[in-house]
Every structure is written in structure tokens, then in C-alpha cells.
Amino acid sequence: MTMSSSPAPPDDTDALHPRERTLPVDTAIPLPRRTRVGIVGAGPAGLLLARLLNGNGIDCVVLESRDRAYAEHRQRAGILEQSTVDALRASGAGERLDREGIAHDGVELRFDGRSHRVDFPSLTGGSRVWVYAQTEVVKDLIALQLADGAPLLFEAEALSVEGVDTARPVIHYRHDGRVRTLECDYVVGCDGFHGVTRRSVPQGVLTSYERTYPYAWLGILADAPPVYDELIYAHSSRGFALASMRSPEVSRLYLQVPGGEDPAAWPDERIWDELDVRLASAGSRKLERGPITARSVLPMRSQVTEPMSHGRVFLAGDAAHIVPPTGAKGLNLAAADVVVLARAFEHLEREGSSELLDAYSDTCLRRVWRAEHFSYFMTTTLHAHPDGSPFDNRLQLSQLHRIADSRHAAAEFAENYTGAFSG
Ligand code: RFL
Ligand code: PHB
């Protein structure tokens, strides 16, 4: 990788057609033509990277295909590892998180008629996790980016990345009904699993490792207080259930359902009844029911792209890897990738050395594969496989009893869940 630096030239909006100068209110900046780092996607990965780069005086532009409201309201993750919280604080987005985030020191596992709490701090030397919704992370990062006047274009869909083998890759994107180009020194694809950046890398360069699971999650958001003050992961012969939360008044609940299930097959009463049965354990409380405000069915998949970079193009977050949500790792991996990448760009600017950028993929993949394994372990241990035999069920229960009965097994679980292994 070469080290040439070419600061973005002044914006040349005067050369634009008057229609191009009419920008959506929330961008309120001239359309850039060139940048140091072009970022595709304003999910948590793209936004956090932009904040970290801007914080170090590195010029970047974020292109997001959807509008701001869509980006801010997409229901997704809820659990942040300490390292993700630290990165958000470092990016300036820690204020509301510190006020409204809820620290959790453990989770409850329910199986075989028993409940077992795994205590994180005592097993990991002090680690914990935070409940703070991805929607709120995204809102905080967008607000900061726009308040700074930093380039973040909504409804700007990247169509392709060209010149990925050259020193000046170009992003072609559609904005305001016109196709435009953004010349970059580097491109970072933070455009999720279905994004275009990965597909712009020449065939044969990247290898994809993947696995799909024969079940899905029905996820709901309900105006009902959480049944318990920590998360409950429940194994049952009828399938997996998860009780999570967004606030003391709002529950986030999941049920294992067959792959491709139609959410219409699940009227409200059926959902609550099934949650009650699957989450039941000796002496447990029934859920308090309330209006369901959102519901969707989510497929379960594991995927890793290797390597996570090619030439001057880098992949981060879901664009490079996805995990089934059972381990609560996706958002945390996305944040970890861009922390490594931001440090590497800073090293390039300060020292003129591309050493850390060159090491980006190898550095990230160690953590990625650990999280892939933990997510696979959580998924296959807690879900009922449609073709699973009673023998398989007994193996799952044996594994869960082992976590409950062995401090070593519990510590292994706690280190993986909190991300404590990665220091
Ligand atoms: P995102 O969030 O998918 O953002 C990608 C962005 O790129 C935009 N985009 C484009 N923009 C311009 N041009 C194009 N051609 C584009 N194509 C796409 C998209 O519109 C979007 O805005 O990826 P990112 O930033 O890598 O973030 C990853 C996380 O969103 C994801 O890993 C997590 O949500 C996964 N996940 C969880 N992760 C956790 O760490 N903890 C959790 O508790 C957790 N729970 C979950 C989850 C994912 C879930 N679903 C929906 C699968 C729970 C669920 C239900
Ligand atoms: C969530 O709160 O959305 C959530 C929590 C834990 C998971 C997955 C999702 O493992």
C-alpha cells in the first residue's frame, strides 16, 4: 500500500447546476467531489469511523442510501460491550449513553426448569455490558456529525466503487436523481451485508465463509416493563426465547420461529402466551403484557469475508462479517473494526506509515472469528434444531449445566459475552 496524501481540494459547488446546490436540510453542506476517506454507509460502523477520523482532523465523506429517519429508527442491537462504550465516548457520543444506558453485570440462563445467573464482574475481573439501543447510538452519532457540519449525505446510494486497485478509487453514487462521483484516497465499505463495496472488489480476491441456520427470530418491541432487571436467555423444547429491554418501560423480546415465518402468523396473544411458556422456570414471574409497537422476522446467518481489505478499499462491520444475534456481537464487532481502522489512518497521517492499515484485516479477523465462534455456540446451544434428536437436546442441556456448575465454563461464557478476552 502506498502512502501518498492528497488533502481534499476546496469544494467546487460553483461549478454545479443550481439544482445540485439545493441540499436536504439535514446535510446543509456543499456536495463534495473529493475526500481522503470515502465511507459508504451510515450505520454504526460508518458513523463511528467518521467521528473518529474527524476527531483526528482526517477528512472524510459518508454516503448513506436511506433517509435520516430510516437510519435512525431501524430496530436492531441493544447490548454494548465496554470497549464499544469506550469508543463511543472517545468519539464524543458518550453523553446520553452515560445518562440513559443501563449497566448490566450479568445475564440469566433458563433451561431444564432451572435459572442460573452468570455474574460478569466476578468472572472477568470487572467487565460488564450496557443496554443502549443501536437506534440511539445512531441518532447520537448523526447529530454530532451534522452539528459539526461534516459531510454526511442521506439518500446518496453508492452504485459502485471503481479503481479499487489504483491510488485513487472512485465511488459512483446517486443523489437527488443524478449520478455523481466521489474521488477518494481510500474507500471504507460500511454498507452492511448487502452493500456494494464488497461486490466491487475483483472476483477471486475475497473468500466468503458462511453458514445459515434453519430457524429465525420473531422480534417485538412492547410498551411493557421488562420481566426481570437483566437479560434472560431461555432454552426450551419449544424453541429459544430472549427477554431483553430498551428502558424500564419498554421490553424487547424474541422467539425462535421457523425460517421464513410470516409475522402475521403471530397475533399478539400467541406471542405473549409462547413467551410465557418458553421463559417459565421454577418460581419465575409471568410477563407483564403491553401494546406491541414493532415486530419483524430476522434470518440467522454467519458470514466472514477474508481478507477484509484489498488495495485502498477496506470493509468494516456487517459489510465484512455477520453473526446470528444470539451472542449480541454484531454492533460490537462493527465498532471494534472501525477503532482499529481509525487508529491505522491516524498512524498514516502522523507517521507516514501504512503499517497498521496493511495489518488491518489480520488484526480484526482474530476477534471476528472468536465472536463468530461464540455466536455459533450460543445459537446452536440455545435453539431447537428442527431435525434435532433427543440426543442433541441432552447435549445442549449438558453444556448449559456445565456453565452453571463450573466456574471455568462460566468464566469462558462471561469473557466471550462481555468481550473481555480482547482486552
Ligand atoms: P448496518 O447497520 O447494516 O449499516 C449499513 C448502512 O449502509 C447503508 N447502505 C448503503 N449506503 C450507501 N450506498 C449503498 N449502496 C448502501 N448499501 C447499504 C445501509 O442503509 C445502512 O445504513 O451495518 P454496520 O454499521 O456494520 O452495523 C452492524 C450492526 O447494525 C449489526 O451488526 C447489529 O445490529 C447486529 N445485532 C446486534 N449486535 C450487537 O452487537 N448487539 C446486539 O444486541 C445485537 N442485536 C443485531 C441484534 C442484529 C439484529 N438484526 C436485525 C439482524 C438484534 C437483531 C434483531
Ligand atoms: C436486543 O436487546 O436487541 C438483544 C439483546 C441480546 C441479544 C440480541 C439482541 O443477544
*Take atom CZ of Arg89 as the centre, draw a 6.0 Å sphere, and report whether it contains more than 12 heavy atoms from other residues, nucleotides or ligands.*
yes
*Check whether any side-chain N or O of Asp337 sits under 3.5 Å from a backbone N or O of Gly317 as a donor-acceptor pair, and report yes or no.*
yes
*Relative to the ring of Phe345, is the ring of Tyr186 parallel (under 30°), tilted (30 to 60°) or perpendicular (over 60°)?*
perpendicular
*asked:* Do Glu108 and Tyr233 pair up side chain to side chain, a donor and an acceptor below 3.5 Å, judged on atom types alone?
replied: no
*Decide, yes or no, whether a salt bridge links Glu155 with Arg66 under the criterion of side-chain N to carboxylate O below 4.0 Å.*
no
*asked:* For the backbone of Cys184 and the side chain of Arg36, can you confirm whether one donor and one acceptor N or O come within less than 3.5 Å of each other?
replied: no
*Of the options Leu31, Thr35, Val40, which is the one that meets Leu182 in a side-chain contact (heavy atoms from CB on, under 4.5 Å)?*
Thr35
*Count the heavy atoms belonging to other residues, nucleotides or ligands that lie under 6.0 Å from CZ of Arg295, then report whether that count exceeds 12.*
yes
_Do Val304 and Val368 have side chains that approach each other closer than 4.5 Å (heavy atoms only, starting at C-beta)?_
yes
*Measure the CE-CG distance between Met308 and Leu365 for me, rounded to the nearest 0.5 Å.*
5.5 Å
*Is there a donor-acceptor contact under 3.5 Å from the side chain of Gln256 to the main chain of Phe240?*
yes
*About how many Å separate CG of Leu356 and NE2 of His347, when rounded to the nearest 0.5 Å?*
4.5 Å
*asked:* Can you give me the closest heavy-atom contact between Pro151 and Gln145, atom names plus distance?
replied: O-NE2, 4.0 Å
*Take Gln396 and Ser398, measure what side chain to side chain donor-acceptor pair (under 3.5 Å) needs, and give me the verdict at the end.*
CA-CA 5 Å; Gln396 290 179 327; Ser398 166; over 6 Å; no
*Side-chain contact, heavy-atom cut-off 4.5 Å: Ile39 with Cys60?*
yes
*Give a yes or no on whether the backbone of Asp387 and the side-chain of His385 come within a donor-acceptor separation of less than 3.5 Å.*
yes
*Nearest-0.5 Å distance, CH2 of residue Trp217 to CG of residue Leu242*: 5.0 Å
*If you measure only the distance, is there a donor-acceptor pair under 3.5 Å linking the side chains of Thr181 and Glu183?*
no
*Hey, is Glu274 close enough to Arg238 for a salt bridge, meaning N to O under 4.0 Å?*
yes
*asked:* If I take atom CG from residue Leu218 and atom CG from residue Leu298, how far apart are they, to the nearest 0.5 angstrom?
replied: 8.0 Å
*Over all heavy atoms of both residues, which pair between Gln399 and Phe377 is shortest? Give the atoms and the distance, please.*
CG-CE1, 3.5 Å
*How many angstroms lie between atom CG of Leu49 and atom CD1 of Ile58, to the nearest 0.5 angstrom?*
9.0 Å
*Parallel, tilted or perpendicular: which describes the rings of Tyr213 and Tyr376, with under 30° parallel and over 60° perpendicular?*
tilted
_Residue of the set Ile271, Asp223, Leu221, Leu253 for which side-chain contact (heavy atoms from CB on, under 4.5 Å) holds with Ile292_ = Ile271
*Scan side-chain atoms only and decide if Glu306 and Trp369 contain a donor-acceptor pair under the 3.5 Å cut-off.*
yes
*Kindly indicate whether the side chain of Val188, heavy atoms from C-beta on, has any atom under 4.5 Å from the side chain of Val313.*
no
*Taking side chain as C-beta onward, heavy atoms only, is Leu255 less than 4.5 Å from Arg278?*
yes
*May I ask you to decide whether Glu136 forms a salt bridge with Arg96, counting only side-chain N to carboxylate O separations under 4.0 Å?*
yes
_Arg110 side chain vs Leu279 backbone, donor-acceptor pair below 3.5 Å_ = yes
*Passes side chain to side chain donor-acceptor pair (under 3.5 Å), Asp405 versus His116? Steps please.*
CA-CA 9 Å; Asp405 299 340; His116 177 78; over 6 Å; no
*Do Ser244 and Ser251 come within less than 4.5 Å of each other through their side chains, counting heavy atoms only?*
no
_For a 4.5 angstrom cut-off between non-hydrogen side-chain atoms, does Glu162 reach His172?_
yes
*If you count the non-hydrogen atoms of other residues, nucleotides and ligands that lie under 6.0 Å from CD in Glu100, is the total more than 12?*
yes
_Charged tip of Arg128 within 45° of Trp130 ring normal and under 6.0 Å_ = yes
*Quick one: do the Tyr132 and Asp98 side chains pair a donor with an acceptor below 3.5 Å?*
no
List the atom pairs, donor and acceptor, that lie under 3.5 Å between side-chain atoms in residues 69-78 and the rest of the protein, sequence neighbours left out.
residue, atom, partner, partner atom, Å
Glu72, OE2, Arg68, NE, 3.0
His73, ND1, Ala69, O, 2.8

*asked:* I'd like to know whether CZ of Arg350 has more than 12 heavy-atom contacts from other residues, nucleotides or ligands below 6.0 angstrom.
replied: no
Quiz: residues 197-206 side-chain donor-acceptor pairs under 3.5 angstrom, not counting sequence neighbours:
residue, atom, partner, partner atom, Å
Thr197, OG1, Asp191, OD1, 3.4
Thr197, OG1, Asp191, OD2, 2.7
Arg198, NH1, Phe193, O, 3.4
Arg198, NH1, Ala319, O, 2.7
Arg198, NH2, Phe193, O, 2.8
Arg199, NE, Gly195, O, 3.3
Arg199, NH2, His194, O, 2.8
Arg199, NH2, Gly195, O, 3.1
Ser200, OG, Val161, N, 3.1
Ser200, OG, Val196, O, 3.0

*What pair of heavy atoms forms the shortest contact from Leu400 to Phe111, and how long is it?*
O-CZ, 3.5 Å
*To the nearest 0.5 angstrom, please state how far the CZ atom of Arg370 sits from the OG atom of Ser375.*
9.5 Å
*Do Asp392 and Arg394 meet the salt-bridge criterion of a basic N to acidic O distance under 4.0 Å?*
no
*Distance-minimising heavy-atom pair for Arg51 and Ser91*: CB-CB, 3.8 Å
_Working note: Tyr360 + Asp358, criterion side chain to side chain contact (heavy atoms under 4.5 Å, CB included); need CA distance, chi angles, decisive distance, verdict._
CA-CA 6 Å; Tyr360 167 73; Asp358 296 340; over 6 Å; no
Donor-acceptor pairs are to be reported for all side-chain atoms of residues 325-334 against protein atoms at under 3.5 Å, with residues two or more places apart or in another chain.
residue, atom, partner, partner atom, Å
Thr326, OG1, Thr379, OG1, 2.8
Lys329, NZ, Glu81, OE2, 2.5
Lys329, NZ, Asn416, O, 2.7
Lys329, NZ, Tyr417, O, 2.8
Asn332, OD1, Glu81, N, 2.8
Asn332, OD1, Thr84, OG1, 2.6
Asn332, ND2, Ile79, O, 3.1
Asn332, ND2, Ala328, O, 2.9

*Okay, side chain of Arg34, backbone of Asp185: is any donor-acceptor separation there less than 3.5 Å?*
no
*Report yes if some heavy atom in the side chain of Arg211 is under 4.5 Å from a heavy atom in the side chain of Thr380; otherwise report no.*
no
*asked:* Minimum heavy-atom separation for Ile102 and Ser247, please, with both atom names.
replied: CD1-CA, 4.3 Å
*Do Asp268 and Ile220 touch side chain to side chain, with heavy atoms closer than 4.5 Å?*
no
*Ala420 to Thr124 - nearest heavy-atom pair and separation*: CB-CB, 4.1 Å
*Residues Ser83 and Asp86: side-chain donor-acceptor under 3.5 angstrom*: no
